[in-house]
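Treat the numbers as computed from the prediction; the structure is a model and nothing was measured.
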Amino acid sequence: MALLIEDKKQIVAEVSDVAAKAFSVVVANYQGSSVEQLTQLRVEARKLGVTTRIVRNTLAKRALQDTQFNILNDDLVGPTILGFSTSEDDMGAAARLFEEFAKSNKAFELKAAAFDGKVYQGAEVSVIANLPNQEKALTMLASVLQAPISKLGRLITALKEKNESEAA
């Protein structure tokens, strides 16, 4: 089905708008995945705040042209689905979603991902997928900050016990 120029402009504008707000994007080859599988992927994506879009590569290149994700142009070849992480609380959501989906669907192939001006190819997408969400990052920070305080507390307790044993 041929797209009219107005339809193409609308698709480019929509994808460009999402890309401008996104923190990371993942590119995958969906060829061989069934409609039911892709529908399930989209359902999971909505739950995680990930925007997915199947778009012609020429339109995707135009949409990403003036964004930080224009570095993915070389990876926009063949059947392509884009996943945009738009939540500031979980910048690796799209990568994590696509990686999990690829494990259960062998036909689904991760091509690349972009985050913070860097391109991650194929298996390197797991670097982005392993980014902690906001809650996990705050927990990690709290444990790092707590460690010196708890060591100081143990030291003071040990000194107190030592002084008490010497006094007795």
Partner set under side chain to side chain contact (heavy atoms under 4.5 Å, CB included) for I71, not counting sequence neighbours: A114, V119
Set of side chain to side chain contact (heavy atoms under 4.5 Å, CB included) partners for T58, sequence neighbours left out: R56
Neighbour count above 12 (heavy atom, 6.0 Å) for Q121 CD: yes
Minimum heavy-atom distance L38-Y30, with the two atoms named: CD1-CD1, 3.8 Å
For K47, salt bridge (charged side-chain N to carboxylate O under 4.0 Å, His left out) partners two or more places apart: E44
With sequence neighbours excluded, residues passing side chain to side chain donor-acceptor pair (under 3.5 Å) with T67: none
Value rounded to 0.5 Å, distance of CG in L72 from CG in N57: 11.5 Å
Nearest-0.5 Å distance that lies between atom OG1 in T80 and atom CD in Q31: 10.0 Å
Those residues that, when tested against K160, pass side chain to side chain donor-acceptor pair (under 3.5 Å) (two or more places apart): none
Minimum-distance pair of heavy atoms, taken over all atoms of E99 and L110: CA-CD1, 4.0 Å
Residue list, side chain to side chain contact (heavy atoms under 4.5 Å, CB included) with V55, at least two apart or on another chain: I11, V15, R53, L59, A60
Hydrophobic cluster identity match, V77 and V27, side-chain contacts under 4.5 Å: no
Gap separating the CG atom of D75 from the CG atom of N29, nearest 0.5 angstrom: 11.5 Å
Main-chain N/O of A22 paired to Q68 side chain as donor or acceptor, under 3.5 Å: yes
Heavy-atom closest pair, residues G92 and S85: C-OG, 4.0 Å
Partner residues of K103 under the side chain to side chain donor-acceptor pair (under 3.5 Å) criterion, sequence neighbours left out: E100
Ring pair (Phe, Tyr, Trp, His ring centres under 6.0 Å) partners for F108, two or more places apart: F98, F101
Nearest-0.5 Å distance, CZ of residue R46 to CG of residue L41: 10.0 Å
Qualifying ring-ring contact (aromatic ring centres under 6.0 Å, His included) pairs, either residue in residues 43-77, two or more places apart: none
Reported CD-to-OG distance for the pair Q40 and S33, which is rounded to 0.5 angstrom: 12.5 Å
Heavy-atom side-chain contact between V18 and V25 under 4.5 Å: no
Residue pair L48 / A93: nearest heavy atoms and the distance that separates them: O-CB, 4.2 Å
Set of residues satisfying salt bridge (charged side-chain N to carboxylate O under 4.0 Å, His left out) with respect to D66, sequence neighbours excluded: none
Closest heavy-atom pair and its distance - R42, I54: NH2-CD1, 3.4 Å
All side chain to side chain donor-acceptor pair (under 3.5 Å) counterparts of N73, not counting sequence neighbours: none
Sequence neighbours excluded - side chain to side chain donor-acceptor pair (under 3.5 Å) pairs with any residue from residues 3-12: Q10-E14
Minimum heavy-atom distance between P79 and K111, given as atom pair plus value: O-NZ, 3.6 Å
